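Structure record follows, encoded as structure tokens.
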Amino acid sequence: MKVILGIGGGIAAYKAAELARALVEREMTVQVVMTRAAREFVRPLTFAALTGRKVITGMFDPDGAIEHIRLAQESDVLVVAPATANLLAKFAHGLADDFLSTLYLAFTGPVALAPAMNSNMWLHPATQANLETLRARGHHILDPEDGPLACGMTGPGRLADPLRIATFIQALAERRRDMEGETVLVTAGPTQEPLDPVRFISNRSSGKMGYALAEAAAARGARVILISGPVRLAAPPGVTLVRVRTASQMRAAVMEHFEQAGIIVKAAAVADYHLASVPAMKIKKTAARISLELDPTPDILAEVGRKKGSRLLIGFAAETENLVQEARRKLESKNCDMVVANLVGQEGTGFESDRNEVVLVLKTGEMVPLPAASKREIAGRIFDHALRLRLALAQ
Ligand code: PMT
């Protein structure tokens, strides 16, 4: 595995030495790239000694200006630690005025950014907006830790533990293609159930969890069919997107495609009720109270559960109470192999958030809590456990 370690100009640059060593100890080939500012903090010689490779320090090194293209093509992962506020801004806006920022634009593989800076700089809306852009681009942000900072302040901004970063990078590099040959079907987002030509019933699902799953599987080499309700997200690269609106359209799309898949993940928040007969004209406002009689929608998960054969079926459970108990009930009643249970109705996880906190309830009886993390990270962990579970079930 070949990893590019980009080092930005912050006091935490010295901790990048520990990271470089940890990556080398994990048998990775590490090519260090230092910005001019980084070299004010630590000398390239330190990294050359740790990695056994010449450190790249500029666009116009004797090796030639197209080095960044060759390096981008032959490397598996790009990690930048510390990623300064300036580097995050340059990456977010596509500025390419030195080797690292130019390499970033040429690199198409997974990118992990470990920011470190003063708390106010970290919390500044400009930095947070840049992070939002970079997350939306699919990059892994290894959030800084809280604690005393070199500037004398205490708060968020300390570089994440270098050993933690190394473990993450190793996992990222190793699992890159471990789903090659696999077809995965993912459902995502809400459904909209029309009440008349202009109104509908829906829910708060943004699609972020399902899209993160689709992206994670595609990044690991799987062919992915993503069946999505109406959301504002772009299809992840390489994924076949099937757009639907209602629960019955989602059912039809799932029934059409699920037989091609070995793993089916149902992260969509499908409406449980709909108006069976939708009026052709807008319902007129009058002074009178009206009531709507709603019918249940098709339970897609339960239907796939009946027809799945040896396919691995992963359902979700969105609960406001009795999380694990409800997840177990759904696991059994819908013949799932795994249920990903999340508490909803609270800020910071579940619906709409970029983060989630879940418990995996497995058919083997195991229960695996996954602490709060980005939906991207949770998605990766779900597939790690899914692949392991399939092996266990096959024995
Ligand atoms: O989209 P985000 O904003 O990122 O939010 C993510 C999420 C909270 C929507 C997601 O993590 C989640 O929990 N998705 C499942 C939501 C849901 O509908 O849960 P449920 O407990 O009501 O349904 C259980 C399972 O049955 C789900 O797998 C669901 O897809 C499926 N189902 C439900 C109803 C139905 N008619 N057909 C189904 O297949």
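Predicted model only: the values in this text are computed from it and were never measured. Order of listing sets the numbers, starting from 1, for every ligand and every atom in it. Position 1 is the first residue of the sequence; numbering continues from there.
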The closest protein heavy-atom partner of atom 6 (C) of ligand 1 is Met209 CB, 3.6 Å
Exercise. Could you walk me through whether Glu18 and Lys15 pass the salt bridge (Lys or Arg N to Asp or Glu O under 4.0 Å) check?
Worked result: CA-CA 5 Å; Glu18 200 184 333; Lys15 294 187 185 169; over 6 Å; no
Going by the 4.0 angstrom heavy-atom rule, the piece of Pro190 near ligand 1 is neither
A student checking ligand 1 against Pro298 at a 4.0 Å heavy-atom cut-off should list atoms 35 (C), 36 (N), 37 (N)
query = Does the pair Asp98/Arg36 count as a salt bridge with the N-to-O cut at 4.0 Å?
reply = no
Residue, atom and distance of the protein heavy atom nearest atom 9 (C) of ligand 1 read Phe351 CE2, 3.6 Å
Under 4.0 Å between a side-chain nitrogen and a carboxylate oxygen: does that hold for Asp196 and Lys282? no
Worksheet item: Has ligand 1 got any nitrogen or oxygen that is less than 3.5 angstrom from a nitrogen or oxygen of Ala318?
Response: yes
Of Val3, Leu103, Thr108, Leu113, the one forming a side-chain contact (heavy atoms from CB on, under 4.5 Å) with Leu78 is Leu103
min-distance protein heavy atom vs atom 34 (C) of ligand 1 -> Asp272 OD1, 3.3 Å
Residue, atom and distance of the protein heavy atom nearest atom 31 (C) of ligand 1 read Leu301 CB, 3.8 Å
Would Arg53 and Thr29 count as a side chain to side chain donor-acceptor pair (under 3.5 Å) here? Give the steps. CA-CA 9 Å; Arg53 299 174 80 85; Thr29 305; 5.3 Å; no
* Asked: Quick check: does Thr297 get an N/O under 3.5 Å from an N/O on ligand 1?
  -> yes
Please say whether Gly189 places an N or O atom under 3.5 Å from an N or O atom belonging to ligand 1.
-> no
Query - Side chains of Ser291 and Glu293, donor plus acceptor under 3.5 Å - result: no
Practice prompt. Indicate yes or no: does an N/O atom of Ala267 lie under 3.5 Å from an N/O atom of ligand 1?
Written response: yes
Whether Arg376 and Glu215 form a salt bridge (side-chain N of Lys/Arg under 4.0 Å from carboxylate O of Asp/Glu) is what I want to check. yes
Checklist entry - Is it true that Tyr104 and His139 have ring centroids separated by less than 6.0 Å? => result yes
for atom 30 (O) of ligand 1, nearest protein heavy atom and its distance come out as Ala268 O, 2.7 Å
Closest to atom 21 (O) of ligand 1 by heavy-atom distance, out of Arg355, Glu319, Lys330, Glu326, is Lys330
>> Just by distance, no angles: are the side chains of Asn130 and Thr133 close enough, under 3.5 Å, to form a donor-acceptor pair?
In response: no
**Report entry** Polar contact flag for Gly210 and ligand 1 (N/O pairs, less than 3.5 Å)
**Finding:** no
